[in-house]
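In each ligand, atom 1 is the first atom listed, and ligand 1 is the first ligand listed. Worth saying up front: this structure is predicted, and the values here are computed from it rather than measured.
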Amino acid sequence: MPKSILAVNAGSSSVKITFYTFDNPPRTIVDAAISGITAPPSTLKYQAGGRKHKEELKEKLSTAQDAFKYLLQRCFSDPELSEVASADDVEYICHRVVHGGDYRDAVEINDETLGHLKGLEDLAPLHNFSALEIVRLCRSELPKVRSITFFDSSFHQTIPEAVRTYPINQEIAKANGLRKYGFHGISYSFILRSVAQFLNKPVEKTNLIVMHIGSGASICAIKDGKSVDTSMGLTPLAGLPGATRSGSIDPSLVFHYTNEAGKLSPASTSEMHISTAEDILNKQSGWKALTGTTDFAQIAVPNPPSEAHKLAFDIFVDRIQGYIGSYYVKLNGELDGVVFAGGIGEKSALLRRTLVDKCQCLGLAIDDVANDKGPGDEETVKDISKGSGKGPRVLICQTNEQVCGLKYWVLLTVTFALTSRGGVGFGYRLFLYTWIY
Ligand SMILES: Nc1ncnc2c1ncn2[C@@H]1O[C@H](COP(=O)(O)OP(=O)(O)O)[C@@H](O)[C@H]1O
Ligand SMILES: CC(=O)OP(=O)(O)O
Ligand SMILES: [Mg+2]
């Protein structure tokens, strides 16, 4: 009988890992996350069985790979976690990889797929490189464990041509894969299923505007259970601003920023080639550039410590409001709910209230008590709308990018019956398959 599945989510400011059992449904053995990698000290959150623990770390973990190694070691050395004491207890690792290019589904890592993904590294400079560093580490340090990669971009394959196409020379666009891909799709997929279930609607009849807003922030219009537009584009830089990202700007700004902007950045390596402009717009912009902090909890406060903090908050609200209006029209006003998710969406009552107040003309209204209280630990979806029945629901969804990847993986392995090379038997996969539907 197989042992455990490890799911890894390397975000731009955090690394989250979860070990699951092969049960029906899979049971979480341990959930561990390090956040604030870009704003030290980092914080560790650790949850196993009934034990919950949060601490500020003294160790300097400046890369996603360091954070991953730390988390793995922490789990393996926990004397109360006999189920995952070493790499021998792990059968598969499911990695969240942000940019999957034209991959429609998850893929198993081998020399060929890894080589292909390496070619996409430059298109998600804050993400793919870090995630693939973890994949490479797993291949060398845990060579017997098979790695499967899941892509944020897969969920957005349904975006219509006119939305995903940039109005540029189409030969060049096609040759270089220059189109809107969209990201946070693993999260949107989890949110869609969870909210549809909560609203008691079939997924394929559910229409939502979902915000996944954390260090990286995006918004997605979902019509009949399919992504029809999203704010990120060719790379996760487009759309909303983030902790260190500018979001959409006039592209000409790059040519007027500094003379150096078009040159290769000192951050470029043999692995990753980014220009100074990309480095500035991805890593030195957003609320960090405006306020000095990447922590939105210091910005979303009733009495901001400076005008700059207030401006950062107002800019974020303005950009999100613009997308909500646009997506409401794209969905023809047929909207089941507006959903807040991601670190900021789930935790900032102030941001939620401010936005909903600004979108009252769409029939959105918020219950202040429910909003201030937020969701309980075990509450995946919480309704914070005012009144009942009429108008789109205002919801919070505590997203989970790890478990959703796991579900996709099960589906993939069942569908394609990945060889039995030391893997789980087909019958067992079928058993897991029944858990999905
Ligand atoms: N109470 C809070 N209010 C506002 N923002 C918060 C709060 N708690 C955490 N955040 C913000 O959430 C963001 C992290 O979101 P998350 O989705 O977990 O990260 P990542 O984008 O790295 O995956 C950080 O910018 C953090 O400041
Ligand atoms: C795509 C993206 O921006 O991801 P994250 O929010 O995890 O940084
Ligand atoms: Mg994230």
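With hydrogens and angles left out, the side-chain atoms of S147 and H95 include a donor and acceptor closer than 3.5 Å. Looking at S194 and T380, their side chains never bring a donor and an acceptor atom within 3.5 Å of each other. With hydrogens and angles left out, the side-chain atoms of S14 and S35 include no donor and acceptor closer than 3.5 Å.
Two residues are said to be in side-chain contact when any heavy atoms from C-beta on lie closer than 4.5 Å; D357 and T354 fail this criterion.
The protein heavy-atom contact nearest to atom 11 (C) of ligand 1 is I344 CG1, 3.7 Å. From the protein, the heavy atom lying nearest to atom 6 (O) of ligand 2 is H184 NE2, 2.8 Å. Atom 21 (O) of ligand 1 has as its closest protein heavy atom S215 N, 3.0 Å. Looking only at heavy atoms of the protein, atom 5 (N) of ligand 1 is closest to A297 N, 3.4 Å. When only non-hydrogen protein atoms are considered, atom 7 (O) of ligand 2 lies nearest to R96 NH1, 3.0 Å. Considering only non-hydrogen protein atoms, atom 5 (P) of ligand 2 sits nearest to H127 NE2, 3.4 Å. Taking atom 26 (C) of ligand 1 as the reference point, the nearest protein heavy-atom neighbour is D295 OD1, 3.7 Å.
Note on D229 versus K330: salt bridge recorded, some NZ/NE/NH1/NH2 to OD/OE distance being below 4.0 Å. A salt bridge links D383 with R393: the distance from a Lys NZ or Arg NE/NH1/NH2 to an Asp or Glu carboxylate oxygen falls below 4.0 Å. Salt bridge present: K310 and D314 bring a charged side-chain N and a carboxylate O closer than 4.0 Å. At a threshold of 4.0 Å, the pair D367-R353 does not count as salt-bridged, since none of the basic side-chain nitrogens sits closer than that to a carboxylate oxygen. Here E108 does not pair with R139 in a salt bridge; the nearest charged N to carboxylate O distance is not below 4.0 Å.
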For E55 and T43, what are the C-alpha separation, side-chain angles and deciding distance, and is it a side chain to side chain contact (heavy atoms under 4.5 Å, CB included)?
CA-CA 6 Å; E55 77 183 66; T43 309; over 6 Å; no
Is there a ring pair (Phe, Tyr, Trp, His ring centres under 6.0 Å) between F316 and W287? Walk through the geometry before answering.
CA-CA 9 Å; F316 200 39; W287 40 90; 5.0 Å; yes
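Of the candidates A10, S13, G374, G345, S13 brings a heavy atom nearest to atom 22 (O) of ligand 1. The nearest non-hydrogen atom to atom 20 (P) of ligand 1, considering only S14, G343, G36, comes from S14.
The distance criterion of under 3.5 Å between nitrogen or oxygen atoms is not met by G11 with respect to ligand 1. In terms of N/O distances under 3.5 Å, ligand 2 is not approached by H212. Taking distance alone, with nitrogen or oxygen atoms compared against 3.5 Å, R245 approaches ligand 2 more closely than that limit. On a distance-only criterion, S13 and ligand 2 share no N/O pair closer than 3.5 Å. Below 3.5 Å of separation, one finds no N or O of S215 facing any N or O of ligand 2.
In H127, neither the side chain nor the backbone holds a heavy atom less than 4.0 Å from any atom of ligand 1. Residue-level proximity to ligand 2 for K16 is absent, since no heavy atom of it falls below 4.0 angstrom. Within the 4.0 Å heavy-atom criterion, the part of T294 lying near ligand 1 is the backbone and not the side chain.
Taking Y103 as the reference, V107, T113, H116, L117, F151 meet the side-chain contact (heavy atoms from CB on, under 4.5 Å) condition, with sequence neighbours excluded. For R27, the side-chain hydrogen bond (donor to acceptor under 3.5 Å, both in side chains) test picks out E83, with sequence neighbours left out.
Those atoms of ligand 1 that come under 4.0 Å of a heavy atom in K347, given as number and element, are 1 (N), 2 (C), 7 (C), 8 (N). Distances below 4.0 Å separate heavy atoms of S348 from the following atoms of ligand 1: 3 (N), 4 (C). Against a heavy-atom cut-off of under 4.0 Å, S12 is close to the following atoms of ligand 2: 5 (P), 7 (O), 8 (O). Distances below 4.0 Å separate heavy atoms of F183 from the following atoms of ligand 2: 1 (C). Below 4.0 Å from some heavy atom of S12 lie the following atoms of ligand 1, by number and element: 22 (O). The atoms of ligand 2 that sit less than 4.0 Å from any heavy atom of M232 are 3 (O).
The side chain to side chain contact (heavy atoms under 4.5 Å, CB included) test with L395 singles out one residue from I191, V195, V338, and that residue is V195.
The shell of residues lying under 4.0 angstrom from ligand 1, judged by heavy atoms, includes G216. The closest approach between a heavy atom of H99 and any atom of ligand 2 is not below 4.0 Å. Not a single heavy atom of E401 sits closer than 4.0 Å to an atom of ligand 2. At least one heavy atom of K16 sits less than 4.0 Å from an atom of ligand 1.
A cation-pi arrangement is found for R179 relative to Y181, the charged atom lying closer than 6.0 Å to the ring centre and inside a 45° cone about the ring normal.
Here the closest non-hydrogen pair linking Q298 and H309 is O-CD2, 3.5 Å.
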